[in-house]
2 protein chains.
Amino acid sequence: MQQDGDRLRWGVLRRLEFIDFRLFWDGRFNRSDLAETFGISTQQASADIAQYEKIAPANLAYDRADKAYKRTVQFVPAFIGKTIERYLLQIVAVENRWMRHEDTWFEAIPPVEVVTLGRRSTDPTVLLRVLDAVRNRLEIDVEYASLTGSIRQSRTIAPHAIAHSAGRWYLRSWSREHNDFRDYNLSRINEVSEWRRSTVDPALDFEWIHKINLVIVPNPELSPERQAAIAAEYAMENGNLVRPCRLSLSFYLMTQHNLDVEPGKLKPEKQQIVLQNMEEVFQAKAAARQMSIEALARAKGNQG
Amino acid sequence: MQQDGDRLRWGVLRRLEFIDFRLFWDGRFNRSDLAETFGISTQQASADIAQYEKIAPANLAYDRADKAYKRTVQFVPAFIGKTIERYLLQIVAVENRWMRHEDTWFEAIPPVEVVTLGRRSTDPTVLLRVLDAVRNRLEIDVEYASLTGSIRQSRTIAPHAIAHSAGRWYLRSWSREHNDFRDYNLSRINEVSEWRRSTVDPALDFEWIHKINLVIVPNPELSPERQAAIAAEYAMENGNLVRPCRLSLSFYLMTQHNLDVEPGKLKPEKQQIVLQNMEEVFQAKAAARQMSIEALARAKGNQG
DNA sequence: ATATCGCGTCAAGTAATTGGACGCGATATC
DNA sequence: GATATCGCGTCCAATTACTTGACGCGATAT
C-alpha cells in the first residue's frame, strides 16, 4: 500500500482519500458523489472505486438496494489516518462560518453544536502584512482600535510572533511608544500603513523567550474521585501536569482555566485545576520583563 | 475567471490555489515547491504558473536574484478566498499535533504559539460508532471511564447530537439507567460494544430543542471605555449581544466566560461580560428538564 | 572564467480521463 | 405484472494532461 501510495498521482490519491473519508463519516458514498466532488466522469469514478477496493477490499461493500457503497464493520481507515481531530475542527470552522460547507468533504455536517461567542474575524490584508513584518523583521505603523472603539490610534510596532489563546489572536511586538515588548490583539488592528526595517532585536524579548514549567494539579478541594478523573483527562503523570510555557503567555493559560483566581473564591467545579507554582511564575515573569526593559534602554543608548 | 474556474480540472484548480496560498502566507514560492508538493514535473509546474499568471497577472513577479516568484504589493487572493481563518486553524491543529505539517501547504509554519492544555484525543473508532448511532438512531452500550478512572462502567445510551465547547466534545444522549437526557464527555468513552435500534424519541429532549436568548452585556463594573471596547469586540448592538443557545448548552457557554459566577467574586477583568437574564435561563432550563423527564416516563408507561 | 542552479520551452511519448454505447439488477409507477 | 427509471460496471476509441528528454538563458557561487 505504501508503494502504491507513492506511485499514485496526487489527484488519484486525494480521491481515494475522499472515499475513505466518506466511509468514515457517513458510512456510505456514491459513485456520483465522487464524480461531482472532483468533476470527473462516472467511468473514472468507477475506476477509482475499483482501485480503492484493491487496496482495502474489506472496507466497503456495494448495497444494491441502497444504491451506495457502504462501510463494513471491519472498516479501518486506509488513507485519512488516525488523527481525525482535524475534521472535527473543520466542523467547528463551518459552524463559525470560517469555512464553507462546500470546501469540506462532508456531505451532511454531523449534528454538531459549537458553543462559542463569535468574535470579529481577522482581516486577511492585515494578517498578510503582519506576517510579512514578522518574517522580515519589519517595523510597521498600525491603526489600533482604541478602547473607546471610536478614536483610531496610530502605533508603531515591530511584531515578532503570533499567539493564539481561547479564540483570540495576539501579536507579540516591540512598541516604539513604550520601548518595550507587549501583546496586541490582532482583531483590533484595522490597518497596516507604513513598513521599514526594524532595528530592535526580538531576542531581547525575554518574557517571550524564557519558558517556565507550569505545575498543574487537580483542585485539592474536589473529591478524590473527581481529582483522579481530571488527572486522567489531562493525562497527568504522578498526579501533576508539567506544561512548559513562555512567560508572556503564561497569563493567558492561567486565565483560560481560572488558574489566576485565589483559591476559595470560586466553586471547585469551576476551578478544576490549580497552579502549584504561581508565585514562581509571577516572579520569573516580572524579572524577565525588567531585563527586557533594561536591555532595550541600553540598546537605545548605544544607538543614539 | 469564474468561467475559467469552472472549466479547470479539480487538480489544476488545487495547484493554482496552492500558488495563491503560498503567495499569501510566505510571499514567495518556487517552481519546484509546486512540483514537489503535487508530484508533478517541473514542466507541468511551469505551465500551471503560466496559467495563474494569466488569471491574476498583478499578483506575482519572478525575482531572478532570489530565484523565486514573489508577491506584489497589489496582491489580492484569487483562489483561497476571504476567510483565511481556516488556515490559522490549521496552524493550531499542527501545534496540537492533530495534523501533520506535511498535510498542510505551509512551508514554514509561522511562529505561532498555541496556548492550551492538551487533552487526550478522541479515539477514531469510538467517534465512528458514535456518529453512526446519532445518524441511525441507535442505542449503544459504551464503556464510560468512571470518575476514579480505574473502574470501567458500562452504560447504555442513545446519543442524538454532538456539541463542542472549550476544547471538549460532548455527546447529548438519552440514558437508559436514568431514563433522561444528559451529556457524556466524548473523551471518556473508551469503547462502543453493542448497538440496536433506539426506541426513544430525541424530540423529547426539550433541554436540547428549546433555545433561549442569552442577553450578554459588558461588565458594568468596568470603565466605560473598556466596556465600549468589549462591545466592539463581540460586535454588540445597542450595547448588548443576544446569543440564541440551546438550554442544555447554555451552561457551557456560561462556564467558558465565567458568566455563572456571582458578580463581585472575580475581578472585572476576569469577567469582562455578564449575563443579564441568568434567572430566566435557569428557570427555563429547569422547566424543560422536568418536561422531558415526564414525557419520557409517560412514553415508557405506554410502551411497557 | 567556469560550474551550478532554477527557470522556460520545444517535441515526442505515455498515462489519465472522457464520451458514447450497452447490459444488469433493484426500486418505483401505473 | 409489465414498464420506466436509476445507479452501477465495462468495453471502446478519442482527447487531454502530464512526463521524459533535450536545449538555451541569466544570475549567483567557486
So that I can tick it off, tell me whether B:Glu207 and B:Arg172 are bridged by a salt bridge, with the cut-off set at under 4.0 angstrom between side-chain N and carboxylate O.
yes
Throw together a table of side-chain donor-acceptor distances under 3.5 angstrom for residues 49-56 of chain B, partners on residues two or more places apart or in other chains.
| from | atom 1 | to | atom 2 | distance (Å) |
| --- | --- | --- | --- | --- |
| B:Tyr52 | OH | B:Asp20 | OD1 | 2.5 |
| B:Tyr52 | OH | B:Asn59 | ND2 | 3.0 |

Between B:Glu36 (CD) and D:dT19 (C1'), how many Å, whole number?
16 Å
Report the distance from atom CH2 of B:Trp10 to atom C1' of D:dT16, rounded to the nearest whole Å.
18 Å
With sequence neighbours excluded, residues passing ring pair (Phe, Tyr, Trp, His ring centres under 6.0 Å) with B:Tyr184:
B:Tyr144
Measure the distance from CG on B:Leu13 to C1' on D:dT16 and round it to the nearest whole Å.
17 Å
Between C1' on D:dT19 and CG on B:Leu34, what's the gap in Å once rounded to a whole number?
15 Å
So which of A:Ile189, A:Leu131, A:Leu171 actually passes side-chain contact (heavy atoms from CB on, under 4.5 Å) with A:Pro159?
A:Leu171
Give every pair of a protein N or O atom and an N or O atom of nucleotides 2-6 of chain C that lie under 3.5 Å apart, one pair per line with the distance.
| from | atom 1 | to | atom 2 | distance (Å) |
| --- | --- | --- | --- | --- |
| C:dC5 | O2 | B:Lys67 | NZ | 2.8 |

Expressed as a whole number of angstroms, how long is the span from A:Asp66:CG to D:dC8:C1'?
14 Å
Salt bridge flag under 4.0 Å for residues B:Asp66 and B:Lys70:
yes
Considering only NZ, NE, NH1 and NH2 on the basic side and carboxylate oxygens on the acidic side, decide whether A:Glu139 and A:Arg176 come within less than 4.0 Å.
yes
In whole Å, I'd like the distance from the CG atom of A:Asp63 to the C1' atom of C:dC24.
16 Å
So if I take residues 39-54 of chain B and measure heavy-atom distances to DNA chain C, which residues fall below 4.0 Å?
B:Gln43, B:Ser46
Would you mind checking if A:Arg246 and B:Glu113 are paired as a salt bridge, meaning a charged N to carboxylate O distance below 4.0 Å?
yes
Would you tell me if any nitrogen or oxygen in the side chain of B:Arg15 comes within less than 4.0 Å of OP1 or OP2 on D:dC18?
yes
Dot-bracket for DNA chain D, please, read 5' to 3', with Watson-Crick or G-U wobble pairs under 3.5 Å on both distances, ( ) within the strand, [ ] crossing, | other strand, . unpaired.
||||||||||||||||||||||||||||||
Using the ring pair (Phe, Tyr, Trp, His ring centres under 6.0 Å) criterion, which residues pair with A:Phe106? Sequence neighbours excluded.
A:Phe21, A:Trp25
Stepwise salt bridge (charged side-chain N to carboxylate O under 4.0 Å, His left out) test for B:Asp132 and A:Arg71:
CA-CA 11 Å; B:Asp132 280 353; A:Arg71 184 214 302 151; 2.3 Å; yes
Considering only NZ, NE, NH1 and NH2 on the basic side and carboxylate oxygens on the acidic side, decide whether A:Arg196 and A:Asp141 come within less than 4.0 Å.
yes
Check whether the side chains of B:Ser46 and B:Arg31 place a donor and an acceptor atom closer than 3.5 Å, and report yes or no.
yes
